[in-house]
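A quick note: this is a predicted structure, and the numbers were derived from the prediction, not measured. Because only heavy atoms are used, hydrogens play no part in the values below, and waters and symmetry mates are left out as well, while side chains stay in. Ligands are counted one by one from 1 in listed order, and the atoms in each one are counted from 1 as well.
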Amino acid sequence: MTAKTVSLKDGKKILIRPLTLRDLDKLMEFYRALPSEDRRYLRVDVTNREVVSQRIRLAEKGNVYRLVALDKDKIVADGGLELSGEEWHKHQGELRVIVARPYRRRGLGTVIMRELYFLAAEKNIERLVAMMMRPQKAAQTICRRLGFREEALLPDYVKDLSGKTQDLIIMFCDLKDMWKELDHLYSDSDWQRCR
Ligand SMILES: CC(C)(COP(=O)(O)OP(=O)(O)OC[C@H]1O[C@@H](n2cnc3c(N)ncnc32)[C@H](O)[C@@H]1OP(=O)(O)O)[C@@H](O)C(=O)NCCC(=O)NCCS
C-alpha cells in the first residue's frame, strides 16, 4: 500500500501509510497515551519499547502488514493484517485495529479496516478473522457491522494484561461478504460523498 489521505466523517484529513521502524518513537507515544483500560486487552505490553520494535521488524519481514494513521506528525491509530504463513491457515488473515480515544466514532476504525481489507484482497486472502476479549464491545460492534459473525467463544481462554482471565471471542468474515458491507456503507453515506 502507498500512503493516502482520507477524510473522517467530520472532514478531518488523516494520512494512512505503512508503519516503518522510523516510526518507533511516534508509535511508543501513541501506545503510552492510551488509557490503561485500552491497553489491558492488547496481546502484548505495548509500553515495552523492545516488544514494539520487534513487532515492527516482524512487519518489515512480510506476513504481517501494519498501517498507521497520522494527524500531522502524530500517530492516532494502528492496524494490522497478520497472515500465519502455515499451509492450513494460508487462506486466512487476522485483523487488528486500535484508534486513539479522541479520534473514535469519526469513522477512522472503519477506514483502517477497509485498507486492511484491500491488503487482504491483494494477498488472495479468502477469510478474515478478528479476535477480541468479551469486554471489547466496540470491536464486536464494528466487526458485526462489517459482516463478521461470531464463530466461537472460548470461556476464560486468555488473560488480560492485569492478569484477569477473559473469554475470547473469535469472529470470521469471508472477504466477499465484507466487500458487500463496505460498499454499502460507503455508497450510502454523506461521508463517502465528501471524500
Ligand atoms: C474498535 C475501534 C477500533 C473502533 O474505532 P472507531 O474509529 O471508533 O470506529 P468507527 O468510528 O469507524 O465506528 C464504526 C461503527 O462501529 C460502531 N462502534 C464503534 N465504537 C462503538 C462503541 N464504543 N459503542 C458502540 N458502537 C460502536 C458504531 O456502529 C460505529 O458507527 P457509528 O459511529 O456511525 O455509530 C476502537 O473503539 C478501538 O480502538 N477500541 C479498542 C481496541 C480494540 O478493541 N480493537 C479491536 C481489536 S480487533
If we number the atoms of ligand 1 from 1 as shown, the ones under 4.0 Å from a heavy atom of Q136 are 43 (C), 44 (O)
Within the 4.0 Å heavy-atom cut-off, what R104 brings close to ligand 1 is both
The remaining residues in the hydrophobic cluster of V64, counting side-chain heavy-atom contacts under 4.5 Å among Ile, Leu, Val, Met, Phe, Trp and Tyr, are none
One finds that the ligand 1 atoms under 4.0 Å from a non-hydrogen atom of K9 are 32 (P), 33 (O), 34 (O)
Exercise for the section: Evaluate the side-chain hydrogen bond (donor to acceptor under 3.5 Å, both in side chains) criterion for residues D167 and Y157: first the C-alpha distance (whole Å), next the side-chain angles of each, then the deciding distance (0.1 Å), finally the verdict. Expected result: CA-CA 6 Å; D167 299 344; Y157 188 67; over 6 Å; no
| Non-hydrogen atom of K137 closer than 4.0 Å to ligand 1 | no
Next on the checklist: Is G107 close enough to touch ligand 1? Criterion: a residue heavy atom under 4.0 Å from a ligand atom.
Outcome noted: yes
Honestly, for A130 the part within reach of ligand 1 (heavy atoms, under 4.0 Å) is neither
Measure from the side-chain N and O atoms of Q140 to the backbone N and O of R134, and report whether any donor-acceptor pair falls under 3.5 Å. yes
Note: heavy atom closest to atom 22 (C) of ligand 1, options R40, R105, R96, belongs to R105
Min over G109, A138, A100, P135 of heavy-atom distance to atom 7 (O) of ligand 1 lands on G109
In ligand 1, the atoms that come under 4.0 Å of a heavy atom of A139 are 1 (C), 44 (O), 46 (C)
Problem set entry | Heavy-atom donor-acceptor pair, D38 side chain to P35 backbone, under 3.5 Å | no
**Prompt:** Do the side chain of R66 and the main chain of P18 share a donor and acceptor less than 3.5 angstrom apart?
**Reply:** no
Does this structure show an ion pair linking R40 with D45, if we count only N-O contacts that are shorter than 4.0 Å? no
If we number the atoms of ligand 1 from 1 as shown, the ones under 4.0 Å from a heavy atom of I98 are 39 (O), 42 (C)
Given the options E86, H91, E87, H89 meets side-chain hydrogen bond (donor to acceptor under 3.5 Å, both in side chains) only with E86
Grouping ILVMFWY residues whenever side-chain heavy atoms fall under 4.5 Å, the cluster of W88 otherwise contains none
Is V99 close to ligand 1, meaning an N/O of one under 3.5 Å from an N/O of the other?
yes
I'd like to know if the side chain of D160 and the backbone of S162 have a donor-acceptor N/O pair within less than 3.5 Å. yes
Judged by heavy atoms only, the candidate from V97, L42, I142, D78 nearest atom 46 (C) of ligand 1 is V97
A student comparing R43, R39, R145 should find that the heavy atom closest to atom 15 (C) of ligand 1 comes from R145
Notebook entry, point to check: Any N or O of D38 that comes nearer than 3.5 Å to an N or O of ligand 1?
Noted result: no
